[in-house]
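The structure appears right after this line, and notes come after that.
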Amino acid sequence: MATVQHGRRKGTPKSNVPAPEKSKEKLLILSSKEWQAIQDRKNKALPANIQLALDMQKDRQEKHQKSVEQVSSWGNTIVGKRNKRLNARRVREEEEEKERQKLDIEEAEIKAAERRAAIEHAKKLQYYQTDRVKGFHGALLLSEVIKEREAQIELKKEIDNAMKNADDHLLQWEKKQLEEAARVEREKAEIRQREAALLRSTQYEQAEEKRKQTISERVQDIEEGKAIQKDVDLFHQENEKKAKEREQKAKMLKQNYDQHLALETTIREQQQIAEKQNDQEIRLYANAKRKMAGLRKKREGELFQAFQNHQQAMVDHLATLIKEQVDDEDSRIAKAVAERDAKRQAEEEDAKKKRAAMQKEILKHRLETMDLNDKKLEETKKDQSLDLQRRIAEDQTYFQEQEQRLASKKVEEDEVQSILVKQGEERSNKLQVEKHNELEADKRSAQMVKEEEDEFQRYADAVIDLAKQRGRPTGPLLKAKNAGAGGGSGPIFEGKSNLRPSYQANDAYGNQLPRFATGAAKKINESSDTSKRLGFVW
C-alpha cells in the first residue's frame with residue numbers, strides 16, 4: 001500500500017531535508033469509507049488478547065456512564081444542589097415572565113381604551129366645529145342668554161322695588177351696568193350674524209365657482225374641437241394658397257426682373273441729376289464763401305479804421321495833456337503803433353493763404369468723391385448681376401425643397417390625423433370616466449350629508465328636550481334645528497344634498513332677505529293671471 005505524505009504543519013521549523021522527487025508511479029487516493037472498511041478487516045484479524053482488552057475498555061466506559069447518570073439524580077451533592085437552585089430560579093423567572101405578560105396585556109387594553117376615548121373625544125370636538133353644530137350651539141347660547149336676561153329683568157324689578165328710596169347715583173350706575181351688558185350682548189349677536197352671513201356667501205361662491213368651472217371646461221372642450229377642425233380647414237386652404245402663390249411667384253419673377261432693369265435706368269438718371277445738383281451746390285458754396293470773405297475783409301477794414309480813428313483821438317488827447325514830455329516818448333509810441341500795424345498785416349496775409357488752401361482742398365475732395373461714386377456704381381452693377389444669378393439659383397432650390405416638403409408634410413398630416421382621432425377617442429373615454437366618478441362622488445356626498453343631518457337632528461332633539469326640562473326658551477333652538485344645511489332662509493334644494501340657501505339683499509349691507517310674505521304679496525300671488533299681459537314691453 002502506498003503511503004500518503006503530508007506537508008509541514010504550521011509552526012514547525014523548516015528542515016533541510018530535500019524534497020523527495022515525484023514518483024512516476026500513480027498514487028492511490030482512498031475515500032473515508034474505503035479506509036474504514038480496511039480498518040475493520042484489519043481489526044478482525046487481531047489476536048484474541050487484544051480483542052479482550054478492547055471489550056474490557058468498552059465495559060468500563062459503559063459503567064462510568066451509568067455512574068454519571070445515577071450521580072446526576074442525587075440531591076445532596078454540590079452539583080445536585082446547584083442544579084436544584086438553577087431549576088428553582090428558572091421556574092421563578094417563568095412565573096415572573098407570565099405575570100409581566102399579564103400586566104402588559106392589561107396595560108395594552110387600558111391604552112387601547114384610552115385611545116378609543118381620545119378618538120371619540122376628538123370626533124366629538126370635530127363635530128362640534130362644523131358650521132351646523134356651531135350655529136345650533138349659538139342658538140343654545142342665545143336661549144341661555146334670553147333666560148339669563150329674563151332673570152336679570154326679574155332681578156332688576158326686585159331691586160327697583162327694594163331700592164326705591166336708595167340713592168339716585170347708585171341707581172344710575174346699576175342702569176349703566178345693565179345697558180353696557182345689553183350692548184355687549186347685542187355686539188356679540190351682530191358678530192355672530194356677520195360671521196354666519198360671511199360663511200353662507202363663501203359657500204355659495206364656492207358652489208358657483210365650481211359650476212362655472214364645469215361649464216368653462218365643457219366650453220373649452222367644444223372650442224378645442226372647433227379649433228382642431230378650423231386648423232384642418234386652414235391647412236387645406238393654406239395648401240391651395242401656396243399652390244397659387246407658386247404660380248404667381250413665377251409670373252412675378254419676370255415682372256421683378258423687368259422692374260429691376262427699369263429701376264437701374266431710373267437710378268442712373270437720378271444719380272446724374274444728383275451729380276448736377278452737387279455741382280450746383282458746390283458753385284453756390286464757393287460764391288457764398290467769396291461773398292463772406294469780401295464782407296469779412298470789409299468789416300475788418302471798418303474795424304481797423306475805427307481803431308485807427310480811436311487811436312488817433314487818444315494820441316491827440318495825450319498830446320494835449322503831455323506837451324511837456326520829451327520827443328523820445330513820441331517816437332516810442334509811433335514805433336509801437338507801427339509794430340502793431342505790421343503784425344495785423346501779417347495776420348491778414350496768413351488768413352488769405354489759409355482760405356486759398358481750403359478752397360484747393362474742397363476742389364480736390366470733390367474730384368475724389370466723383371471718382372469714388374463712379375467706382376461704387378460699377379461695383380453695384382456687378383453685385384446686382386451676381387445677386388440676380390444667385391436669386392435664380394435659390395428659387396430653383398426653393399421650388400425643389402417645397403416639393404419635397406409637401407410630400408413629407410402629406411405623410412405628417414396623415415399621422416397627425418390618426419393621432420387626432422385617437423386623442424378624440426381617449427378624451428371621450430376620459431370624459432365618460434370623469435362624469436361617472438362625479439356622479440359617484442355626488443352620491444357619496446349626498447349619503448354623507450344625509451347621515452350628518454340625521455345625526456344632527458338626533459343631537460338637536462336631545463338638547464331641546466334638556467332645554468325644556470331646564471326651562472329654557474326653545475324658539476332659537478327650533479329655528480336652528482330646521483332641516484337643511486347652509487343656515488339660509490330659502491327653500492330646500494332637494495337635488496343639492498338638501499341645502500337651504502340664503503338670499504341676500506342687493507345693497508351695500510347684504511342682509512339676508514326675510515322668509516315671511518306680506519299680505520300684499522299674497523294678494524298679488526292669488527290674483528295674478530299669467531295668461532294676461534302685465535304691461536311689460538320687450
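Hydrogens, waters and symmetry mates are skipped; everything else that's a heavy atom, side chains included, is used.
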If you define the side chain from C-beta out and look only at heavy atoms, does anything of [X] sit under 4.5 Å from [Y]?
| X | Y | value |
| --- | --- | --- |
| Leu386 | Gln389 | yes |
| Gln423 | Ile419 | yes |
| Phe456 | Glu452 | no |
| Glu148 | Glu144 | no |
| Val416 | Leu420 | yes |
| Lys226 | Ile222 | yes |
| Gln384 | Leu388 | no |
| Glu451 | Asp454 | no |

For [X] and [Y], work out which heavy atoms get closest and say how close.
| X | Y | value |
| --- | --- | --- |
| Ser143 | Pro473 | CB-O, 3.1 Å |
| Gly471 | Lys147 | O-NZ, 3.5 Å |
| Leu477 | Phe136 | O-CE1, 3.7 Å |

How long is the gap from [atom1] on [X] to [atom2] on [Y], to the nearest 0.5 Å?
| X | Y | atom1 | atom2 | answer |
| --- | --- | --- | --- | --- |
| Arg444 | Leu439 | CZ | CG | 10.5 Å |
| Glu107 | Arg100 | CD | CZ | 13.5 Å |
| Lys409 | Glu412 | NZ | CD | 8.0 Å |
| Leu142 | Lys188 | CG | NZ | 12.5 Å |
| Tyr459 | Ile464 | OH | CD1 | 11.0 Å |
| Glu96 | Arg92 | CD | CZ | 6.5 Å |

Can you tell me if [atom1] on [X] sees more than 12 non-hydrogen neighbours from other groups inside 6.0 Å?
| X | atom1 | answer |
| --- | --- | --- |
| Glu97 | CD | yes |
| Ile78 | CD1 | no |
| Arg405 | CZ | yes |
| Phe399 | CZ | yes |

Hey, does the side chain of [X] reach the backbone of [Y] with a donor-acceptor pair shorter than 3.5 angstrom?
| X | Y | result |
| --- | --- | --- |
| Ser385 | Lys381 | no |
| Ser216 | Gln213 | yes |
| Thr397 | Ala393 | yes |
| Thr202 | Leu198 | yes |

Practice task
Check the pair Lys410, Asp414 against salt bridge (Lys or Arg N to Asp or Glu O under 4.0 Å), reporting the backbone distance first and the verdict last.
Solution key: CA-CA 6 Å; Lys410 183 66 171 60; Asp414 296 337; 3.5 Å; yes

Exercise for the section: Would you please test Glu150 and Ile146 for side chain to side chain contact (heavy atoms under 4.5 Å, CB included) and show each step? Expected result: CA-CA 6 Å; Glu150 292 176 354; Ile146 292 172; 3.7 Å; yes

Exercise for the section: Would you sort out whether Arg89 and Glu93 count as a salt bridge (Lys or Arg N to Asp or Glu O under 4.0 Å), showing the intermediate values? Expected result: CA-CA 6 Å; Arg89 180 180 178 183; Glu93 288 178 353; 3.2 Å; yes

Exercise for the section: Test Glu180 against Lys176 for side chain to side chain contact (heavy atoms under 4.5 Å, CB included), laying out the working first. Expected result: CA-CA 6 Å; Glu180 182 67 20; Lys176 288 181 179 180; over 6 Å; no

Handout entry: Side-chain ion pair, Lys63 and Asp59, N-O less than 4.0 Å
Key =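 Answer for the salt bridge query: yes.
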
Exercise for the section: Run the numbers on Arg211 and Glu208 for salt bridge (Lys or Arg N to Asp or Glu O under 4.0 Å), then give the verdict. Expected result: CA-CA 5 Å; Arg211 185 181 67 80; Glu208 187 67 20; 2.2 Å; yes

Problem - Name of the residue among Glu185, Glu179, Glu187 meeting side chain to side chain donor-acceptor pair (under 3.5 Å) with Arg183 - result: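 The option that passes is Glu187.
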
Practice task
Please test Lys430 against Glu426 for salt bridge (Lys or Arg N to Asp or Glu O under 4.0 Å), starting from the C-alpha separation and ending with a verdict.
Solution key: CA-CA 6 Å; Lys430 185 178 179 181; Glu426 292 177 354; over 6 Å; no

